[in-house]
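For reference, the structure discussed in these notes is given below.
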Amino acid sequence: MLNIILFGPPGSGKGTQSIKLIEEYGLKHLSTGDLLRSEISNKTPLGLEAKTLIDKGLLVPDEVVIGMISTALEANPQAKGFLFDGFPRTKEQAIALDKLLKLKQTEIEVVLALEVGEEELVKRLLNRGLTSGRTDDTNEAIIRDRITEYRKKTSVVADYYQQFDKVVKIKGEGTEDEIFAALKKEITKRLHG
Ligand code: B4P
């Protein structure tokens with residue numbers, strides 16, 4: 001199995017690059033952001049709770065997203081591998097993911113960490129907010145709160161995987177194709193030693 005985490009701050013290109021990577025490697029895409037937005041559009045109790053937090057730029061509780069990922073892993077027993085996009089976002093989520101994968105006798109192969117400066121992140125997300133209908137992308141103060149939440153709670157996830165020598169930093173500024181080529185190069189290295 002090939003299991004990859006695509007890591008980085010909000011707006012760093014995780015969702016954008018995930019679409020290309022799942023096609024290239026035949027992986028199952030697991031995006032907690034997409035799963036949460038689907039709950040929101042279906043107006044489920046979980047979705048309503050998540051929306052109030054997302055609209056403030058805050059993370060959704062660990063147990064909620066861990067439960068969603070656990071269900072998604074169970075629902076895809078035939079997958080060749082998983083691409084985790086926007087998950088894990090806290091150290092607790094990372095530890096839970098390792099346990100879930102161990103039960104399936106597999107593990108994370110590599111954490112690809114996209115690096116993008118704050119002003120570029122804000123610019124990209126405000127730009128997406130013009131057309132996406134995502135309320136968390138339309139207000140600059142909320143976007144900056146999301147980046148602060150990332151620094152406080154999510155950046156430590158890279159340190160967690162660094163102890164197992166699994167993190168590779170990738171420059172996340174440039175054209176989508178340039179960044180995709182850099183990601184593929186690192187995956188190839190890991191696959192073929
Ligand atoms: P996500 O859906 O994961 O949102 P994101 O981080 O904003 O998206 P992403 O990083 O994938 O966007 P992309 O750069 O591709 O999460 C939303 C919210 O859900 C979180 O704030 C949180 O509240 C909650 N949540 C999700 N997962 C959670 C978890 N595990 N635990 C707790 N809470 C959780 O795209 C951004 C824009 O940049 C796009 O418009 C794109 O076109 C553009 N772009 C991409 N690449 C570019 C490039 N190379 N050059 C120029 N523009 C580019």
Side-chain angles (χ1 to χ4, degrees), residues 4-22 29-41 46-73 82-97 100 111-158 160 170-183:
I4 297 172
I5 293 174
L6 198 52
F7 186 77
S12 55
K14 302 183 298 287
T16 305
Q17 295 296 332
S18 289
I19 294 164
K20 297 173 185 283
L21 289 170
I22 54 165
H29 184 200
L30 293 185
S31 157
T32 38
D34 288 350
L35 291 169
L36 289 167
R37 281 185 288 279
S38 151
E39 298 280 343
I40 292 170
S41 60
L46 190 159
L48 294 175
E49 184 198 343
K51 183 167 170 31
T52 58
L53 293 164
I54 291 174
D55 284 351
K56 288 184 194 143
L58 300 173
L59 293 182
V60 172
D62 286 338
E63 58 274 21
V64 172
V65 283
I66 292 166
M68 287 190 328
I69 288 289
S70 173
T71 305
L73 289 175
F82 294 94
L83 179 69
F84 297 95
D85 161 10
F87 180 90
R89 259 179 158 96
T90 63
K91 188 176 168 192
E92 289 69 25
Q93 292 178 23
I95 292 169
L97 177 61
L100 288 169
V111 177
L112 299 166
L114 293 169
E115 298 195 310
V116 178
E118 177 159 342
E119 294 318 306
E120 172 71 12
L121 296 174
V122 173
K123 198 173 91 186
R124 286 185 189 180
L125 292 173
L126 281 174
N127 196 31
R128 182 171 67 186
L130 296 175
T131 53
S132 67
R134 277 180 58 170
T135 43
D136 57 341
D137 282 346
T138 43
N139 178 315
E140 181 169 338
I142 291 172
I143 290 173
R144 292 202 188 266
D145 286 346
R146 285 161 65 191
I147 297 171
T148 303
E149 186 86 332
Y150 170 83
R151 291 218 187 88
K152 269 197 326 211
K153 297 184 181 160
T154 306
S155 56
V156 294
V157 171
Y160 171 79
I170 306 277
K171 185 169 165 247
E173 295 188 41
T175 68
E176 289 181 17
D177 286 345
E178 282 165 353
I179 298 161
F180 183 50
L183 291 166

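Each ligand, and each atom within it, is numbered from 1 in the order the structure gives.
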Quiz item: Does any pair with a residue in residues 124-139 pass salt bridge (charged side-chain N to carboxylate O under 4.0 Å, His left out), and if so which ones, sequence neighbours excluded?
Solution: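 Qualifying pairs, neighbours excluded: E120-R124, R128-D137, R134-D136, R134-D137, D136-R146, D137-R146.
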Residue, atom name and distance, where the atom is the protein heavy atom closest to [atom]:
| atom | answer |
| --- | --- |
| atom 5 (P) of ligand 1 | R146 NH2, 3.8 Å |
| atom 33 (N) of ligand 1 | V60 N, 3.1 Å |
| atom 35 (O) of ligand 1 | R128 NH1, 3.2 Å |
| atom 46 (N) of ligand 1 | R124 NH1, 3.7 Å |
| atom 16 (O) of ligand 1 | R89 NH2, 3.4 Å |
| atom 19 (O) of ligand 1 | I54 CD1, 3.6 Å |
| atom 49 (N) of ligand 1 | G174 O, 3.0 Å |
| atom 42 (O) of ligand 1 | T16 OG1, 4.1 Å |

Could you list which atoms of ligand 1 come closer than 4.0 Å to a heavy atom of [X]?
| X | result |
| --- | --- |
| F87 | 30 (N) |
| S12 | 10 (O), 14 (O) |
| R134 | 2 (O), 4 (O), 7 (O), 17 (C) |
| G86 | 27 (N), 28 (C), 29 (C), 30 (N) |
| Q93 | 29 (C), 30 (N), 31 (N), 32 (C) |

Is it the case that the side chain of [X] and the backbone of [Y] share a donor-acceptor pair, with hydrogens and angles ignored and the cut-off at 3.5 Å?
| X | Y | result |
| --- | --- | --- |
| S70 | I66 | no |
| K51 | E39 | no |
| E92 | D62 | no |

Answer side chain, backbone, both or neither: which part of [X] comes under 4.0 Å from ligand 1, heavy atoms only.
| X | answer |
| --- | --- |
| V65 | side chain |
| K14 | both |
| I179 | side chain |

Quiz prompt | Test applied, side chain to side chain contact (heavy atoms under 4.5 Å, CB included); reference residue, F84; option that passes from L6, I69, T32 | solution =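 Option passing the side chain to side chain contact (heavy atoms under 4.5 Å, CB included) with F84: I69.
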Exercise. Would you check, one step at a time, whether the test salt bridge (Lys or Arg N to Asp or Glu O under 4.0 Å) holds for E118 with R144?
Key: CA-CA 8 Å; E118 177 159 342; R144 292 202 188 266; 2.8 Å; yes
Exercise. Can you sort out the partners of Y160 under ring-ring contact (aromatic ring centres under 6.0 Å, His included), two or more places apart, ordered by chain and number?
Key: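 Counting only residues at least two positions away or on another chain, Y160 forms a ring-ring contact (aromatic ring centres under 6.0 Å, His included) with F164.
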Quiz prompt | Neighbour count above 12 (heavy atom, 6.0 Å) for K91 NZ | solution =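 No, the 6.0 Å shell around NZ holds no more than 12 heavy atoms from other groups.
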